[in-house]
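When reading the values below, keep in mind they use all heavy atoms of this one structure, side chains included, and skip hydrogens, waters and symmetry mates. Position 1 is the first residue of the sequence, and the numbers go up from there.
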Amino acid sequence: MDENRITGAAKEFGGKVQGKAGELTGDREIQAKGAVNEAKGNVENLYGQAKDTVRDVADQAGDLAQGALKQGRDAFPDAERAYRQGADTVTSYAKESPLMMAAMAGALGYLLAMVVHGRR
């Protein structure tokens, strides 16, 4: 639980008490301050709840990603090896002839732009 939720709830409760005290004594200033403090506490509590929700969603997304990665590794055990082998091949080719790699990357980018934007 986020600390903003705890302090917000405490401030909200304190504001309610302060507002009731102002109501009982007839002091409108204390009553108004209590209402303001109650509202501030409520906002801080809501902020803490939002932080908790975001943290929970991020944790769930991480768990889902880990599960998907595990399923992928189980379904395609050679995929990681093939990826590394391909990356090593491209890296060594790029070191041997960087100009050719730049030309190929440019041509690929041009073709991709034609596909995305269409011929005009």
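Under the 4.5 Å side-chain criterion, counting only non-hydrogen atoms from C-beta, Y93 is in contact with M100. By the 4.5 Å heavy-atom criterion applied to side chains, K11 and N45 are not counted as neighbours. The closest side-chain heavy-atom distance from K51 to V54 is not below 4.5 Å. Between Q85 and R81 there is a side-chain heavy-atom pair separated by less than 4.5 Å.
If you take CG on D59 and CZ on R55, they are separated by 8.0 Å, rounding to the nearest 0.5 Å. Atom CG of L46 and atom OG1 of T53 lie 10.5 Å apart (nearest 0.5 Å). Atom NZ in K33 sits 15.5 Å away from atom CZ in R28 (nearest 0.5 Å). The OH atom of Y47 lies 11.0 Å from the OG1 atom of T7; values are rounded to the nearest 0.5 Å. Rounded to the nearest 0.5 angstrom, D88 CG and Y83 OH are separated by 9.5 Å.
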task: Might you work through the salt bridge (charged side-chain N to carboxylate O under 4.0 Å, His left out) test for D74 and K70, ending with a clear yes or no?
output: CA-CA 6 Å; D74 291 346; K70 184 183 179 326; 2.9 Å; yes
- request: Please test D2 against R5 for salt bridge (charged side-chain N to carboxylate O under 4.0 Å, His left out), starting from the C-alpha separation and ending with a verdict.
  value: CA-CA 6 Å; D2 190 77; R5 290 179 73 176; over 6 Å; no
task: Show your working on salt bridge (charged side-chain N to carboxylate O under 4.0 Å, His left out) between K40 and E44 and close with a plain yes or no.
output: CA-CA 6 Å; K40 285 181 181 178; E44 188 172 352; over 6 Å; no
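Residues R73 and E80 share a closest heavy-atom pair of NE-OE1, 3.4 Å. Listed here is the closest heavy atom pair of I30 and Q18: CG2-O, 3.4 Å.
Annotation for L99: atom CG does not count as buried by contact number, only 12 or fewer foreign heavy atoms lying within 6.0 Å.
Criterion: ILVMFWY side-chain heavy atoms under 4.5 Å apart, direct or through other members. Under it, V90 and M104 are part of a common hydrophobic cluster.
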